[in-house]
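Beneath this line is the structure, given in structure tokens, with notes to follow.
Letters go in sequence order (proteins before strands), and every chain restarts at 1.
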Number of protein chains: 2
Amino acid sequence: MSGSPRHSRDDVSEMALRLLDEYGLPDLTMRHIAAALEVRASALYWHFPNKQALLASVSARILRPMEDVRVEDMTVSETVRRLGARLRECLLAYRDAAELVSSSLALGLVDSPVQPQLMAVTRRDGVPDSLSRVAAEAVMHFVVGYTFHEQQRLSADSFGLLPETTSSLNPEHANARPADGGDFEEALKMIADGLEVSARQHTETSAG
Amino acid sequence: MSGSPRHSRDDVSEMALRLLDEYGLPDLTMRHIAAALEVRASALYWHFPNKQALLASVSARILRPMEDVRVEDMTVSETVRRLGARLRECLLAYRDAAELVSSSLALGLVDSPVQPQLMAVTRRDGVPDSLSRVAAEAVMHFVVGYTFHEQQRLSADSFGLLPETTSSLNPEHANARPADGGDFEEALKMIADGLEVSARQHTETSAG
DNA sequence: ACCTGAACACCGTTCAAGT
DNA sequence: ACCTGAACACCGTTCAAGT
């Protein structure tokens, strides 16, 4: 059929995402990605300057569904909670996605997945951009960190590791026990409430 | 002088922390740590089962100053802000410390650096443990993620990278500009305020 | 108890050369 | 425009053997 199966940038990152989900981040090597595309590792350097850039394009792909969240009719608090919950869903959709996105975000190689939509709503409601940016950072870092930790526990469990540690039979370490799914939403609510308090303080100060 | 310079576990992690600060995480290899101790890489496997365990002991060392924070006389809100600020200081004290601690925390190889002291104060004030744990997670993940990003920007700047991107001359990307130091405390305040709102809601509900 | 020596099975990246 | 081939300079980890 196809005599010369040459690839696009998008082909590469699409395949990389598939391999990430199937084999995990430690096995997402340039050689494995290349092999899956029936190509040598050196060929990938025509499409990307280095591995970090390739991983950033995979991160952007993972975060793409964030764009579909419609926030027009939401309150500020609803928007914070909705964007946070959706971000967690995006990260849980692929194996090791939270770890990958965490480092791409820290390196500044992908845009904030929360800021644009949150800012649209806060501007509509007269909340200062500075507060909105801060809240977007708080939500983003909390969700990515929380889900990173959560995702590690999931794959540790599936590997059969931590058999007695996770069963929380040790009252000595009850304080250290991981939070469950409902705690995630509780934390988002805290940040949302905190943003509303700050916004209220701002309008009182500038109006009164 | 010393004929047989054999090492302890603590010697190894102390040297590893020095090398981390001097050369950064990518160069913190088993071979480099061993060489600095005048030993072969394989010798490290007598002290630690693998590299991740060694890195976890370095993380614990970085977080040790968290224990010195005295919270007895603080309000809940002050405690959140103080512990968050101190955590950031701990991470900024060594090169790439935030990235290292981020992964150790996600892997569950080090304890929460926020929870014990926050819980002491919230218990004193009758705030439910569940809320306290959630807030501790929010603070921890936010601070580590924020500082990870911040620290990457610092070393990118010192490397002379991102010369025009960081000078924020591009109005198109003004929304994406990184938050400054004051924004960090603003975000901690949001989480602290959110915790107080939740605590208030709880006591109202349970008291009638 | 603590370490060496040597090997195993890999990495990311570069670059001249091919088509 | 897109890729190969071959090399460079490394990795983490294991394990028999030494002292």
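Taking atom CZ of A/R9 as the reference point, atom C1' of D/dC3 lies 17 Å away to the nearest angstrom. Summarising the geometry, the separation between NE2 on B/H7 and C1' on C/dC3 is reported as 10 Å, rounded to the nearest angstrom. Whole-Å rounding puts the A/R6 CZ to D/dC3 P distance at 6 Å. Look at CD on A/E38: it is 16 Å from C1' on D/dC2, rounded to the nearest Å. A straight line from CZ of A/F48 to P of D/dC2 spans 13 Å, rounded to a whole angstrom. Taking atom CH2 on B/W46 and atom P on C/dC3, their separation rounds to 8 Å, with Å as the unit.
Checking each of B/L37, B/V39, B/L17 against B/V12 for a side chain to side chain contact (heavy atoms under 4.5 Å, CB included) leaves exactly one that passes, namely B/L37.
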Inset, instruction - Begin with the C-alpha distance, continue with both residues' side-chain angles, and end with the deciding distance and a verdict on side chain to side chain contact (heavy atoms under 4.5 Å, CB included) for A/R88 and A/E150. - result: CA-CA 10 Å; A/R88 174 163 172 263; A/E150 182 180 20; 2.7 Å; yes
Side-chain donor-acceptor contacts of residues 18-31 of chain A below 3.5 Å, not counting sequence neighbours, with atom names and distances?
unit_1	atom_1	unit_2	atom_2	d
A/D21	OD1	A/R95	N	2.8
A/T29	OG1	A/H32	N	3.0
A/T29	OG1	A/H32	ND1	3.3

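Qualifying side-chain contact (heavy atoms from CB on, under 4.5 Å) partners for A/S77, counting only residues two or more places apart in sequence or in other chains: A/T75, A/R81, A/A192, A/E196. Partners of A/R82 by salt bridge (charged side-chain N to carboxylate O under 4.0 Å, His left out), not counting sequence neighbours: none found. The salt bridge (charged side-chain N to carboxylate O under 4.0 Å, His left out) check on A/D10 picks up A/R61, with sequence neighbours excluded. Residues meeting the salt bridge (charged side-chain N to carboxylate O under 4.0 Å, His left out) test with A/E67, sequence neighbours left out: none. Taking B/E78 as the reference, nothing meets the salt bridge (charged side-chain N to carboxylate O under 4.0 Å, His left out) condition, with sequence neighbours excluded.
In this model, the phosphate group of C/dG5 is approached by a side-chain N or O of B/R40 to a distance below 4.0 Å at OP1 or OP2.
Comparing D/dC2 with C/dA16, their C1' atoms sit 15 Å apart, to the nearest whole Å. D/dA9 and C/dA9 have their P atoms separated by 23 Å, given to the nearest Å.
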Under 3.5 Å, N/O pairs linking protein and nucleotides 6-13 of chain D:
unit_1	atom_1	unit_2	atom_2	d
D/dC11	OP1	B/T29	OG1	3.4
D/dC11	OP1	B/H32	NE2	3.3
D/dG12	OP1	B/K51	NZ	2.8
D/dG12	OP2	B/M30	N	3.1
D/dG12	N7	B/R31	NH1	2.6
D/dG12	O6	B/R31	NH2	3.3
D/dT13	OP2	B/Y45	OH	2.6
D/dT13	OP2	B/K51	N	2.9
D/dT13	O5'	B/Y45	OH	3.2

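Closest approach to the A/H47 side chain among D/dG5, C/dA1, D/dC3 is made by D/dC3 (side chain taken as heavy atoms from C-beta onward).
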Inset, instruction - Kindly express the pairing pattern of DNA chain D in dot-bracket notation, using | wherever a base pairs with another strand and counting only Watson-Crick or G-U pairs under 3.5 Å. - result: ||.|||||...|||||.||
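Applying the salt bridge (Lys or Arg N to Asp or Glu O under 4.0 Å) test to residues at least two apart or on different chains, the pairs with a partner in residues 186-195 of chain B are B/K189-B/D193.
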